[in-house]
2 protein chains.
Amino acid sequence: MNSQDVILGLLMKGGLSGYDIKHRLESIFSYFYNASYGTIYPTLNKLEKEGFITKMSVIQEGRPNKNVYTITEEGRAQFSTYLKSPIEPNEFKSDVMTRMFFGEFLEKDVMLGMLEDHLQKARDNLNRLTDMYQACMPGMSPTQEICIQIGISNSKSVIETLSQGIERLKKTNEK
Amino acid sequence: MNSQDVILGLLMKGGLSGYDIKHRLESIFSYFYNASYGTIYPTLNKLEKEGFITKMSVIQEGRPNKNVYTITEEGRAQFSTYLKSPIEPNEFKSDVMTRMFFGEFLEKDVMLGMLEDHLQKARDNLNRLTDMYQACMPGMSPTQEICIQIGISNSKSVIETLSQGIERLKKTNEK
DNA sequence: GTGGACATGTAATCTGTTACATGATTCA
DNA sequence: TGAATCATGTAACAGATTACATGTCCAC
């Protein structure tokens, strides 16, 4: 899975600009994939050259013009090839957890501050996801719903486990 | 956080070879970080050139020789710098979840097969983590314990949410 | 006139993986 | 003799990010 597959997927339901794609990725998608403009625009150009999408310049009023890309039949076939390819394992990389792993080399109060901070981020993330769930709920496909439910339950489990861990750490601190 | 930081961290408690490091990463670490030999060996050479670690050739009986690397004072200082640097956000990339997101473009039975498969992998992963928890439990630092507890509770939450999702999907299939 | 949303793009760089290449030693 | 484990390394490539560069249009 790479940016090409994801972009083709996003175009399956209608034309989008690079800017639109970035915003889609940031909202719905951000939990399990992301890409920067430095990836999106070159990928769109590449996909157009390969005939998987076509470009249309759209003149807008009150805004700069934009390039709206539409998927072609070849593009749909290509996306279908991706969907049938072997699934790649999840990739997860966590700086916070790495620091927790090496926690014995850091002062306890610094570590506690770090964990509290991370906990707050997890709470914010949970709120973001539940808001999104509420907002998108009616229009979501069954598997999209599973997707966001996994995100939500994962967030909850991190919050719970981390809170308990912090409390335990604080107690060892008192000694 | 990159391979340099992680390798220095692993050397904080004693000398290791590249091969040892790979195995450490695969066992304890694999939940939140990983690296290939193609990263480990060049990184070790780079760290040695920079004076953060020193190499010692160890002649073994019944096995090929190996290079054991030891962290220097400069290396410890460098690792400490990492621990005090701003925390980078988690990175998560999931092919399965991307496919779930685009589930409407895939036949239901194919999707179900994919999800069952993923569920099994999640169960295997949970078993691996709980075994590791049992095995390493006495020697773990408090924050290491939090680390693995988060891994375990996340695995459990994925299994539960996914199982329920699969059941729901099956019902919509019958209609 | 300035900040912010909208909009597109490139060059340099980073960081890593994969595939290849080699070789010792043990055990069945 | 061949597979498995131990052990090290490199070259080609992939895939992305960051920083830079540019510009429109609106509202304050």
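As the structure is a computational prediction, the values presented were derived from the model and not from experiment.
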Spacing of B:Lys66 atom NZ relative to C:dT25 atom C1', expressed in whole Å: 15 Å
From the candidates C:dT17, C:dG16, D:dT8, the one with an atom nearest any side-chain atom of B:Ser36 is C:dT17
Can you tell me the distance, in whole Å, between the NZ atom of B:Lys46 and the P atom of D:dT10? 15 Å
Can you tell me how far P of C:dG9 sits from CG of A:Leu44, to the nearest Å? 8 Å
Pair A:Glu26 + A:Lys22, salt bridge at N-O below 4.0 Å: yes
Counting just side-chain N and O atoms, does A:Tyr41 come under 4.0 Å of either OP1 or OP2 of C:dT8? yes
Assuming nearest nucleotide by heavy-atom distance, tell me which of A:Glu61 and A:Met1 is located more 5' along DNA chain D. A:Met1
Can you measure A:Ile59 atom CD1 to C:dA7 atom P for me and round it to whole angstrom units? 14 Å
Any side-chain N or O of A:Ser3 less than 4.0 Å from the OP1 or OP2 oxygen of D:dG15? no
Strictly below 4.0 Å: does A:Asn67 bring a side-chain N or O up to OP1 or OP2 of C:dG9? yes
Verify the ring-centre separation between A:Phe101 and B:Tyr33: is it less than 6.0 angstrom? no
For A:Asn2, does its backbone N or O pair with a side-chain atom of A:Asp5 as donor and acceptor, under 3.5 Å? yes
Using the six-membered ring wherever Trp is involved, compare the ring planes of A:Phe92 and B:Tyr31 and label them parallel, tilted or perpendicular (cut-offs 30° and 60°). tilted
Heavy atoms under 4.0 Å, any strand shown: does A:Gly18 hit a base, just sugar-phosphate, or nothing? sugar-phosphate
Students often get this wrong, so: under 4.0 angstrom with heavy atoms, is B:Gly62 touching a base, only sugar-phosphate, or nothing? sugar-phosphate
Measure CD/B:Glu48 against P/D:dG9 and give the value in whole Å, please. 9 Å
Upstream residue (5' side of DNA chain C) when A:Pro64 and A:Asn45 are each assigned their closest nucleotide: A:Pro64
Do B:Arg128 and B:Asp124 meet the salt-bridge criterion of a basic N to acidic O distance under 4.0 Å? no
Strictly below 4.0 Å: does A:Tyr33 bring a side-chain N or O up to OP1 or OP2 of D:dA16? yes
Using the side-chain heavy atoms of A:Pro42, tell me which of these nucleotides is nearest: C:dT10, D:dC6, C:dC6. C:dT10
Counting just side-chain N and O atoms, does B:Thr39 come under 4.0 Å of either OP1 or OP2 of C:dT17? yes
Distance check needed: C:dT15 C1' versus B:Gln4 CD, whole Å only. 12 Å
Gap between atoms OH and P, on A:Tyr19 and C:dT8 respectively (whole Å): 9 Å
Does A:Gly38 or B:His23 map to a spot on DNA chain D nearer the 5' end, using the closest nucleotide for each? B:His23
When you check the phosphate oxygens OP1 and OP2 of C:dA7, does a side-chain N or O of A:Gln60 lie under 4.0 Å from one of them? yes
With the threshold set at 4.0 Å, does a side-chain nitrogen-carboxylate oxygen contact exist between A:Glu88 and B:Lys93? no
Atom pair distance, as rounded to whole Å: NZ in B:Lys22 and C1' in C:dG16: 12 Å
